[in-house]
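Encoded as structure tokens, the structure appears first; notes follow it.
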Amino acid sequence: MTAPAAPASSGAAFAQARSEGRAALVGYLPAGFPSYDGCIEALVAMVDAGVDVVEVGLPYSDPVIDGATIQAAAEIALRGGTRTADVLRTVEAVASAGAAVVVMTYWNPVLRYGPERFARDLRAAGGRGLITPDLIPEEAGEWMAAAASHDLDRVFLVAPSSSEQRIARTVDACRGWVYAASTMGVTGARTKTSSVAPALVERVRSATALPIGVGLGVSDGGQAAEVAAYADGVIVGSAFVRLLLDADTPSAGVKAVAGLSEELAAGVRRPARPAAG
Amino acid sequence: MTSPDATGRFGPYGGRYVPEALIAALDELTAAYEKSTTDDDFQQEFHRLLRDYAGRPSLLYDATRLSEELGARVLLKREDLNHTGAHKINNVLGQALLTQRMGKTRVIAETGAGQHGVATATAAALFGLECVVYMGEVDTHRQALNVARMRLLGATVVPVTSGSRTLKDAMNEAFRDWVTNVDDTHYVIGSVGGPHPFPVMVRDFASVIGTEARDQCLRLLDRLPDAVIACVGGGSNAMGIFHAFIADESVRLFGFEAAGEGIDTGRHAATLTGGTPGVLHGARSYVLQDEDGQTLESHSISAGLDYPGVGPEHAWLHDSGRATYRAVTDADAMAAFELLCRTEGIIPAIETAHALAGARQVAEELGPDALLLVNLSGRGDKDVATAGRWFGLLGEADAEGPGENLNPPA
């Protein structure tokens, strides 16, 4: 069986979705959670069920922007012995299944690995970019250079508290797409999506033509449809992690992840969006 | 170099490694802080509080009996006599004033030994601010007295059960609170770490220690000390006393970290001695980390030094050689703790006892004519149970309870 070829970049996966008149679906899991193989299996199931871009998380000892759910997953992954090299192997396995894969990581593990070496090895593994939640463009000189020389997307975050000036500076530093953190707070599924997110997306749109992914809080198809009405990508993390934490068996967890992926994939196709010409 | 550049860099260290969501608050804080340095009203109010409320200037005490034992003349800067019992109050009063001027109504803090938490709870009571203090669950047990103090002052103390359940994890939890509640909340970081402007701001609020001590030393002896000595966890009391002396080339600066059970056992908190450059809690500095950049758990008998990071200015002073950093084991610190109790009738904090153990080393090296200035950064009331257990002074019944994680001396 031949897997479809992965898009040339994570930004290309957004463009593909846009040309189909819908938002892209982005799914996250930390590598090594619930186990090395279990993570790959769940991520491949996501892709098969309609996830366009996969975020592989690098589990870190001090995840200051993550809520209790992703903290618990990262602790399980680290206790299971997950190393940076395992994260790259996870990227390779999921990319070869045909997905556009990016890594989401706190900065210190990349700094320790060496930004240039990390960029090289991520690209070699088939990775398409890096999301850096605690690296702002002002501190990212080394990463900008390494990512450029290895053709990787650079995804920085904007927040509701970002000034126009900062939004402009941040989108200038991004390549591929922009990550809009839709609420002020840590990661975690919420019963209602953010009311400030549409305004943030509008502000970002006036500063850039890059696609905008919205994250932090989406947990079901209805919320995905709401976000897809104004954003170019819907990012889902904690809700997937929660399913795996709550599953009675690993296979039940994978099945639940596939089910949620299908629901979300239908959600991002629900709002009427004009196909881009 | 004594100041960071405009981006908060001390050489390669410092900076802002935080989520974008916090940048607006850090910019607001930087602006408020910079304005305060030239604002006469602010400075008058800050110094009035330091004098009338905290009890400054703190005394410089010529510790003659301790000097005889150590073999060099030792002056003690008595930060332990400040209101709330440690140097932490200096920084906290400054940040509480800034909080008020920024129009925020809630403060949060992390604490290890509880001294910074107590100081923050105290200032919150004084200024009528809501206060939440995050404290590792392990530390809530070994510093139970300070938990009660904070609660008496009206603060909410949240025991943190993630990770190593000590100061590092308390700081993670405080950052999570801050990113969620940044509109009305100021995060009162208690040491010279964290993202810019915290390292420079906390240093400046604490630098009254060295400024006073330098004047007092000149008035008392008409000369500068040969060495200035302090303990280093995050490093705020050390920067507070070092800063006024950095330009005095004849004055050697010594920081003593916690070697715990010994650097070679891996069970220590000596970040500059045993760590490597990295990013933790918003700043680039030295970090205790593994080959993948995962933070290692630190260990020290002293909750206040039990932290795998250190302020970026210390990293810079270390690399440039302007200050010398060494490490002191739990056992040597406790021996120095007992020595100060018995020679001077002063019970120091266990954190501070690391500086006293360091003073013994420096006295041996510099000889009997040397003049040593030691920052007596805090008092030991909070540590009486821990010390009682260490020295076997408590009966069986009393030996239960807080601080059971400690090992008696071999």
Side-chain angles (χ1 to χ4, degrees), chain A residues 58-68 71-72 74-75 77-78 81-87 105-114 118 132-141 156-163 165-167 169-170 178-188 216, chain B residues 6-9 12 14-28 160-164 168-185 187 194-196 276-285 287-297 308-309:
Chain A
L58 194 159
Y60 176 54
S61 54
D62 295 276
V64 297
I65 202 177
D66 284 311
Q71 282 178 56
E75 277 192 39
L78 290 173
T82 304
R83 304 282 312 264
T84 301
D86 299 319
V87 177
T105 180
Y106 292 89
W107 184 237
N108 196 51
V110 178
L111 189 61
R112 187 72 169 148
Y113 196 90
F118 190 88
T132 47
D134 66 347
L135 189 70
I136 57 173
E138 288 89 333
E139 305 288 3
F156 295 99
L157 276 67
V158 293
S161 60
S162 304
S163 65
Q165 202 183 0
R166 286 205 58 79
I167 287 175
R169 172 147 199 184
T170 303
V178 183
Y179 191 125
S182 66
T183 55
M184 294 298 286
V186 295
T187 57
L216 303 185
Chain B
T7 63
R9 290 273 172 180
R16 284 179 173 176
Y17 296 86
V18 292
E20 168 65 22
L22 292 176
I23 298 296
L26 292 171
D27 283 345
E28 180 190 17
V160 175
T161 56
S162 56
S164 60
K168 156 181 103 70
D169 309 285
M171 207 154 174
N172 289 342
E173 210 53 41
F175 270 110
R176 290 183 189 117
D177 180 315
W178 201 28
V179 79
T180 308
N181 300 300
V182 67
D183 277 351
D184 69 348
T185 298
Y187 177 13
H196 178 63
T276 45
V279 166
L280 177 65
H281 291 147
R284 191 163 181 162
S285 183
V287 182
L288 296 180
Q289 57 184 332
D290 70 13
E291 2 178 294
D292 280 356
Q294 307 288 349
T295 311
L296 295 171
E297 285 191 20

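Every chain is numbered from 1 and lettered A, B, ... according to where its sequence line falls, protein lines coming before strand lines. Only a predicted model underlies this, so the values are computations on that prediction, with no experimental measurement involved.
- Taking CG of B:Leu280 as the reference point, atom CG of A:Asn108 lies at 7.5 Å (rounded to 0.5 Å).
- Interface remark: A:Val110 contributes no atoms to any contact with chain B (heavy atom separation under 4.5 Å).
- Nearest approach of B:Val279 to A:Tyr60, heavy atoms of both residues: O-OH, 3.7 Å.
- In this structure, the side chains of A:Val64 and B:Glu173 stay at 4.5 Å or more apart for every pair of heavy atoms.
- A salt bridge does not link B:Glu20 with A:Arg169: none of the charged nitrogens is closer than 4.0 Å to a carboxylate oxygen.
- Residue contact with chain B, scored on non-hydrogen atoms closer than 4.5 Å, involves the backbone and the side chain of A:Ser162 alike.
- Ranked by heavy-atom pairs under 4.5 Å with chain A, the first of B:Pro277, B:Gly278, B:Ala174, B:Gly163 is B:Gly278.
- No salt bridge links A:Arg112 with B:Asp292; every basic N to acidic carboxylate O contact stays at or beyond 4.0 Å.
- Here A:Leu78 is the residue among A:Leu78, A:Leu58, A:Val158 with the most heavy-atom pairs under 4.5 Å with chain B.
- There is no contact between B:Ser164 and chain A, counting heavy-atom distances below 4.5 Å.
- Chosen from B:Val179, B:Asp177, B:Thr7, B:Asp169, the residue pairing most often with chain A at heavy-atom distances under 4.5 Å is B:Val179.
- Here the side chain of A:Ser61 pairs no donor or acceptor atom with the backbone of B:Gln294 at under 3.5 angstrom.
- Contact of A:Pro133 with chain B is made through the backbone alone, with heavy-atom distances under 4.5 Å.
- When heavy atoms are compared at a cutoff of 4.5 Å, A:Pro137 does not approach chain B at all.
- The part of B:Asp290 that comes within reach of chain A is its backbone (N, CA, C, O), which places non-hydrogen atoms under 4.5 angstrom from that chain.
- Contacts of B:Val287 with chain A are absent, with no heavy-atom separation under 4.5 Å from either backbone or side chain.
- When all heavy atoms of B:Ala21 and A:Ser161 are compared, the closest pair comes out as O-OG, 2.9 Å.
- Side-chain atoms of B:Asn172 and A:Asp62, non-hydrogen and from C-beta on, do get closer than 4.5 Å to each other.
- Side-chain N or O atoms of A:Glu139 include none that pairs as donor or acceptor with a backbone N or O of B:Tyr17 at under 3.5 Å.
- Within the 4.5 Å cutoff, side-chain heavy atoms of B:Arg176 are placed close to those of A:Pro63.
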